[in-house]
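Here is how names work: the chains are called A, B, and so on, in the same order as the sequence lines, proteins then strands, and each is numbered from 1.
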Amino acid sequence: MHEHDVIVVGAGGAGLRAAIAAQEAGADVAIVSKLHPVRSHTGAAEGGINAALRDADSWEDHAYDTMKGSDYLGDAPAVEALCQESPEEVIQLEHWGMPFSREEDGRVSQRPFGGLSFPRTTYAGAETGHQMLHTMYEQVVKRGITVYDEWHVMELAVTDEEDPADRTCHGVVAYDIQSGEISGFRADNGVILATGGMGQVFDHTTNAVANTGDGVAMAYRAGVPMEDMEFIQFHPTTLPSTGVLISEGVRGEGGILYNEDGERFMFEHGYANNDGELASRDVVSRAELTEVNEGRGIEDEYVHLDMRHLGEERILDRLENILHLAEDFEGADGLTEPMPVKPGQHYAMGGIETNEFGETAIGGLYAAGECACASVHGANRLGGNALPELIVFGKRAGRHAAGEEMGEAEVTTGKEGDWEPADYEFEVEVGETGGQGPAAADGGAVATDPDGVLEAEVERAKARVEELLSREGRNHAEIRSKVQETMTANVNVFREEGRLEETLGDLREAREAYKDVAVSDPSRTFNTDLIHTMETRNILDIAEALTMGALAREEFRGAHWRKEHQERKDENWLKHTLVSWNDGEPELWYKPTILEGENKTYEPKNRSY
Amino acid sequence: MAERYSSFKSGGRMWLLQRVTAAFLLVVLAFHFFLLHFVHHADEVTLAASSARMEQLSYYSLMVLFLVTATFHGVNGVYNALINQGLTGTKRTVVKWTLVAASVVLLFQGIRTANAWAGGFPL
Amino acid sequence: MSTQTPTQTEESSETDAEADAPSKGDERRDEKRRRAAEERARRQAEEAEKAAADEETVELKVFRYDPEVEGKQEPRFDTFHVPFTKGMTVLDALMYSRDTYDSSLTFRHSCRQAVCGSDAMFVNGGQKLACKTQISELEEPIRVEPLPHAEVRKDLVVDMEHFYDQMEAVEPYFQTNEYPDGELEEQRQTRENREKIKMSTRCIWCSACMSSCNIAAGDNEYLGPAAINKAYRFAMDEREGEDIKQKRLEIIEQEHGVWRCQTQFSCTEVCPKDIPLTEHIQELKREAVKNNLKFW
Amino acid sequence: MSQSYNRGLIEDFSRWREFEAGMWAWIFHKFTGWVLIGYLFTHIAVLSTAIPAANGATMMFQGSETDVFTGTIVSLEGLLLVRILEVGLLAVAVFHMLNGTRLLLVDLGIGLEAQDKSFYASLILTGAITVASVPTFIAGAF
Ligand SMILES: Cc1cc2nc3c(=O)[nH]c(=O)nc-3n(C[C@H](O)[C@H](O)[C@H](O)COP(=O)(O)OP(=O)(O)OC[C@H]3O[C@@H](n4cnc5c(N)ncnc54)[C@H](O)[C@@H]3O)c2cc1C
Ligand code: HEM
Ligand code: SF4
Ligand code: F3S
Ligand code: FES
């Protein structure tokens with residue numbers, strides 16, 4: 001048993017920032033992460049961090065751009081907090097030594113990015129995330145913050161009151177990957193979830209293998225609602241075999257997309273007659289998939305991105321890293337052949353419902369980073385807005401959890417205020433009754449006694465691992481790949497009612513199959529089979545909530561496209577989708593979007609660029 | 001700043017000396033080879049000829065310096081190589097002093113030889 | 001690392017230690033283990049057959065070891081036949097082998113794009129990032145082993161603690177005594193200076209360099225190329241100021257610091273991020289000498 | 001190249017096949033350095049015969065009485081084996097000098113990108129110089 005004031009789960013950008021903030025606020029903080037901090041996926045971010053740093057720019061403009069980009073599904077108080085605080089946070093990073101790219105006069109460089117009215121994307125070459133992650137880890141080392149690395153958090157110790165709003169979180173249960181030990185981590189002040197993305201719900205993603213949405217699923221089963229899960233960003237140019245991202249820069253420089261017949265389909269098939277390849281991410285992704293679906297894809301899978309005509313000199317000068325990526329991960333030489341690309345899952349706009357301080361509906365439980373939904377990205381995230389989210393909300397959550405007084409939140413959590421139930425009928429049974437799940441508050445017989453809940457959870461976790469290791473059954477990998485396949489086939493950039501229903505059916509089957517999942521590796525040392533098996537359960541729960549949201553939202557907003565509903569419906573749908581686990585019987589409900597900002601109200605406008 | 005001065009840890013000093021001696025040896029060893037194998041052939045060596053060379057102060061000092069640098073360079077090189085393989089503690093101290101002793105013997109014997117040739121220190 | 005004593009025997013499995021008399025659970029587990037092994041053998045035999053028929057497969061020989069599983073305590077190589085697809089990397093092949101044949105095959109991996117640094121391993125005798133190594137460029141059969149000169153935990157997983165310790169020994173964090181006045185004022189840095197440290201900031205802590213360096217293998221206390229490179233990253237950053245640089249030079253000058261490096265260049269050869277490690281180490285040596293000579 | 005424990009089939013030893021230029025250079029330099037320091041000791045030992053010689057000690061050599069120093073050297077030089085060893089020594093010394101120069105340049109930060117090429121150049125030059133010197137070294141041995 002370990003005990004600290006604040007426990008941070010996850011050591012990506014959000015987790016590290018939260019830990020530093022909590023420590024600065026005087027708390028004894030520890031980070032628990034299944035990966036060593038520098039392995040976190042924040043390191044993969046390339047583009048940059050949006051921050052209104054210059055005199056000609058203002059946080060108001062940034063907020064306006066973000067609200068517009070979110071297709072008016074962002075909550076203004078959260079969006080404004082992001083835009084107001086991101087400049088100081090970026091300067092803070094600079095003061096911690098982050099090696100940003102520089103201007104002639106020695107100031108940090110900024111560049112233009114899609115959807116921004118000012119070039120405010122601050123960057124460090126094409127490796128901004130890597131530099132940010134390492135800079136923050138360095139600060140963690142400097143401060144001597146305790147890090148339990150390669151500890152997989154299995155579940156939260158949350159009391160089991162009937163109403164989630166009465167529940168409180170007292171720590172986490174984690175499994176030491178190196179030794180197989182299961183241990184409790186008591187958090188006297190708060191637990192901050194910063195477990196990152198959930199790309200592994202899909203089989204083709206720019207996300208890491210470790211991005212299985214554990215934090216989201218754990219919080220969900222403990223009673224925290226998941227918000228706006230249906231909004232998933234797909235990036236149009238990822239390498240087919242690995243999902244590695246080919247930066248938008250290639251199209252920016254003049255790269256051209258071709259189908260199997262050698263047609264420049266963005267124009268020739270009329271997907272974007274003005275902008276062509278440079279249309280927004282969702283438009284290009286849909287165009288590519290239409291080509292493939294209509295039989296004009298190469299090997300029925302991908303299209304070609306050609307940059308040969310740019311000339312060797314220009315390519316080497318501006319896109320050198322793309323050559324390496326294509327060569328190393330796809331075996332393609334961008335100088336002599338076109339590169340294969342297809343859309344891939346990139347970012348989850350939704351996640352654990354929080355307010356602008358990172359608080360969730362459960363007392364003592366916080367979330368920040370990609371796993372959280374405050375919500376700043378609404379229906380669509382702008383490039384360069386995720387990294388500032390990590391540092392701004394990571395810091396806020398850290399300070400709040402450490403007990404700092406931060407005022408009243410404007411964003412509500414849980415069923416407070418004007419929430420409304422959904423009246424959507426699912427044809428397939430969702431969820432899982434019978435309390436088979438692993439989280440404390442999901443109907444399992446765990447006490448409401450705050451002191452005993454952690455010990456009780458540790459015992460339960462031990463029993464669960466013991467069972468997985470000793471019984472015989474299916475390998476999780478089959479189940480995981482089934483889920484990923486059906487999600488990619490049906491809940492991708494194109495969503496139709498029938499196929500979404502079908503997916504719920506597939507997920508039902510997967511749930512059944514998961515009931516007799518077993519781990520065949522009996523070892524306690526570095527048993528990745530066991531870890532992956534536990535992650536697969538999380539993937540299942542997330543996939544289901546995501547699909548439920550996608551079915552219920554009968555409109556086309558931001559990244560969410562519905563065949564039957566081809567326009568944005570502001571009268572009905574200026575509201576967030578929420579899914580509550582309810583001890584195994586998922587419930588869908590809504591709460592309104594907050595469009596009133598500090599000085600003004602953001603009026604929904606047509607999102608055209 | 002006296003502290004700064006002493007902060008030139010032996011590691012750095014030895015490293016530098018190894019390079020300086022190497023640069024010196026490069027020239028002198030080339031000269032040595034050239035003189036004793038190409039100008040005079042090795043099989044034509046005689047005591048008299050060697051003595052004649054040694055009696056010149058410049059040649060004598062060059063050769064002694066050659067011996068000193070080569071010994072330092074070689075022995076320090078060996079010592080370094082051993083440390084790089086993880087030689088530590090008592091073993092290391094023993095090796096160090098053994099090498100120092102061997103160097104002293106080598107230098108002593110070498111200078112004695114030179115003096116024998118030159119018939120005493122050539123003044 | 002190399003000078004440590006074997007810990008193999010100490011790590012007897014928890015389950016074995018639990019009870020003297022075999023419990024029901026133990027029996028069940030033993031039974032299960034036996035059956036799993038049989039199943040594995042069967043599937044691999046099948047695949048080998050298939051491989052013989054089908055030319056488009058690659059043969060992988062993978063190092064296996066587990067201190068607590070019977071039959072794996074003695075290190076061995078397992079052979080896997082993986083259907084080849086264009087663009088396949090060593091990591092892809094390993095994942096395929098794990099998911100299809102043997103779910104106990106263990107290796108670290110995460111990003112699949114050469115930024116997380118988890119999957120440095122010894123492929124056909126060289127330190128490589130598995131996710132960045134194309135199968136098509138390797139000779140078959142492909143031998144995959146854990147990084148040399150590090151203690152093996154299980155299969156391809158090695159103990160990284162020593163490497164982390166070395167990285168953290170060089171005070172790997174930015175330090176300065178003066179910040180600009182304005183609250184939203186960044187420190188200025190010239191483009192040239194940023195360019196100078198650029199490559200050194202790319203390190204992903206994969207430890208391939210450390211594993212390839214013979215000196216690091218022999219001298220456990222040697223900081224190693226990655227840690228020295230980290231020190232370089234800060235020592236050369238003009239934002240830190242002269243007095244801090246002084247302190248940094250003292251750190252890298254210690255007994256097991258830069259002077260240990262024998263310019264073997266293997267670190268530079270294997271670094272997946274193309275960091276000119278030897279060059280950085282050499283520059284620090286010169287800086288240190290220059291710095292010391294100043295006060296003579 | 002010790003190993004923390006025996007990896008059974010894995011022979012660290014076989015790694016040499018995968019070594020790159022820099023590593024070979026290091027191994028050769030080490031080897032030649034040790035040979036040279038070894039030779040320095042022997043060399044001084046042999047030359048020490050000059051001490052008794054200067055004091056008048058003599059020996060019989062090819063039928064006539066010669067001083068011990070000249071006698072020893074000339075008789076050694078008369079052995080073919082010694083001549084061959086001398087050629088080897090030359091090769092060793094030349095390589096150590098050339099590669100030493102390469103290392104000095106590396107220390108000065110010059111030509112690091114070409115470190116492999118300069119190693120190959122050292123090897124080739126060593127070969128060439130050695131071969132070219134064979135006549136001089138062997139002259140009069142037969
Ligand atoms: C290829 C790519 C490029 C991107 N480019 C940009 C960009 O240019 N600009 C931008 O703003 N955004 C970008 N993004 C998005 C942004 O990088 C991510 O949203 C962000 O890094 C997520 O950070 P995080 O801290 O929330 O999570 P992560 O960095 O993913 O960290 C998650 C942490 O949680 C830990 N963890 C997870 N599960 C558990 C568990 N069960 N137990 C213990 N620990 C656990 C992990 O070990 C890890 O440390 C990009 C994303 C990708 C994939
Ligand atoms: C002639 C010119 C010479 C040059 C340019 C030269 C250069 C060098 C250099 C640069 C090193 C250091 C290698 C390192 O630490 O990375 C070295 C090592 C060494 N040198 Fe020389 N050297 C020369 C002559 C000699 C001579 C004459 C001897 C013998 C007495 C000798 C014996 C050694 C030894 C033993 C080493 C250590 C090898 C090891 O690392 O194990 N060298 N030499
Ligand atoms: S310097 Fe290169 S090889 Fe070494 S740890 Fe860093 S990235 Fe890996
Ligand atoms: S391999 Fe080792 S010896 Fe130096 S150049 Fe690299 S650190
Ligand atoms: S998987 Fe991240 S570096 Fe290879």
Side-chain angles (χ1 to χ4, degrees), chain B residues 15-16 18-23 25-30 32-34 36-39 41-51 54 63 66-67 70-81 84-86 99 102-103 105-120, chain D residues 1-2 26 29-41 43-55 57-58 66-79 82-83 86-87 89-90 93-94 96-98 100-101 103-104 107-108 129 133 136-141:
Chain B
W15 181 84
L16 184 62
Q18 183 78 356
R19 320 286 125 168
V20 172
T21 51
L25 284 171
L26 191 61
V27 180
V28 182
L29 186 60
H32 181 71
F33 255 103
F34 193 69
L36 292 174
H37 286 276
F38 294 85
V39 177
H41 287 238
D43 57 335
E44 298 158 12
V45 163
T46 60
L47 181 64
S50 298
S51 292
M54 254 337 145
M63 283 305 112
F66 182 23
L67 177 68
T71 309
F72 170 81
H73 180 93
V75 172
N76 185 47
V78 166
Y79 180 57
N80 254 332
N84 284 334
Q85 289 312 305
L99 285 174
S103 310
V105 170
L106 187 67
L107 289 174
F108 177 75
Q109 187 69 0
I111 294 175
R112 258 193 353 140
T113 309
N115 285 342
W117 269 317
Chain D
M1 281 186 253
S2 51
W26 178 72
H29 197 79
K30 206 180 219 334
F31 173 74
T32 54
W34 285 72
V35 170
L36 286 175
I37 185 69
Y39 176 73
L40 183 59
F41 276 92
H43 197 45
I44 295 295
V46 171
L47 296 182
S48 297
T49 52
I51 302 170
N55 294 329
T58 57
T66 339
D67 68 83
V68 267
F69 173 72
T70 315
T72 312
I73 302 283
V74 176
S75 62
L76 280 174
E77 289 294 327
L79 298 173
V82 170
R83 294 298 184 105
E86 267 187 343
V87 174
L89 178 71
L90 178 80
V94 169
H96 194 88
M97 288 164 80
L98 291 173
T101 314
L103 288 176
L104 289 177
D107 286 330
L108 292 171
I129 294 178
S133 315
T136 324
F137 272 75
I138 299 297

Student: Is the backbone of D:Gly78 close enough, under 3.5 Å, to the side chain of D:Arg83 for a donor and an acceptor to pair up by distance?
Tutor: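 Side chain of D:Arg83 to backbone of D:Gly78: no pair is present.
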
Student: Angle class for the D:His96/D:His29 ring planes (parallel below 30°, perpendicular above 60°, tilted otherwise)?
Tutor: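 If you compare the ring of D:His96 with that of D:His29, the planes turn out parallel.
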
Student: Where does D:Ala93 contact chain B at under 4.5 Å (heavy atoms): side chain, backbone, both or neither?
Tutor: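 The side chain, not the backbone.
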
Student: Can you confirm whether D:Val94 sits close enough to B:Phe33 that some side-chain heavy atom of one is under 4.5 Å from a side-chain heavy atom of the other?
Tutor: no

Student: By a 4.5 Å heavy-atom criterion (distance strictly below it), what part of D:Leu76 contacts chain B: side chain, backbone, both, or neither?
Tutor: neither

Student: Specify the closest pair of heavy atoms between D:Ile44 and B:Gln109, including all atoms of both residues, with the distance to one decimal.
Tutor: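 Shortest heavy-atom contact: CG2-CG, 3.9 Å.
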
Student: Sort D:Phe69 into side chain, backbone, both or neither according to what part of it lies under 4.5 angstrom from a heavy atom of chain B.
Tutor: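 For D:Phe69, side-chain heavy atoms alone lie under 4.5 Å from chain B.
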
Student: Measuring heavy-atom distances to chain D, does B:Ala49 have an atom under 4.5 Å in its side chain, in its backbone, in both, or in neither?
Tutor: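 The answer is neither part of B:Ala49.
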
Student: If I measure from the heavy atoms of chain B, does D:Leu47 come under 4.5 Å with its side chain, its backbone, both, or neither?
Tutor: both

Student: If I measure from the heavy atoms of chain D, does B:Ser51 come under 4.5 Å with its side chain, its backbone, both, or neither?
Tutor: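 Neither the backbone nor the side chain of B:Ser51 comes within 4.5 Å of chain D.
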
Student: Select one option (side chain, backbone, both, neither) describing which atoms of D:Leu36 are under 4.5 Å from chain B's heavy atoms.
Tutor: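 Looking at D:Leu36, nothing touches chain B.
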
Student: Under the side chain to side chain contact (heavy atoms under 4.5 Å, CB included) rule, what do D:Leu40 and D:Ile37 come out as? Steps first, then yes or no, please.
Tutor: CA-CA 5 Å; D:Leu40 183 59; D:Ile37 185 69; 4.1 Å; yes

Student: Of all the heavy-atom pairs spanning B:Phe72 and B:Gln18, show the shortest one and how long it is.
Tutor: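 Heavy atoms of B:Phe72 and B:Gln18 come nearest at CE2-N, 4.0 Å.
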
Student: Are any non-hydrogen side-chain atoms of B:Trp15 and D:Asp107 less than 4.5 angstrom apart?
Tutor: yes

Student: Heavy-atom cut-off 4.5 Å, strictly under: side chain, backbone, both or neither for B:Val75 against chain D?
Tutor: both

Student: Between B:Ala114 and chain D, which part of the residue has a heavy atom less than 4.5 Å away: side chain, backbone, both or neither?
Tutor: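 Neither part.
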
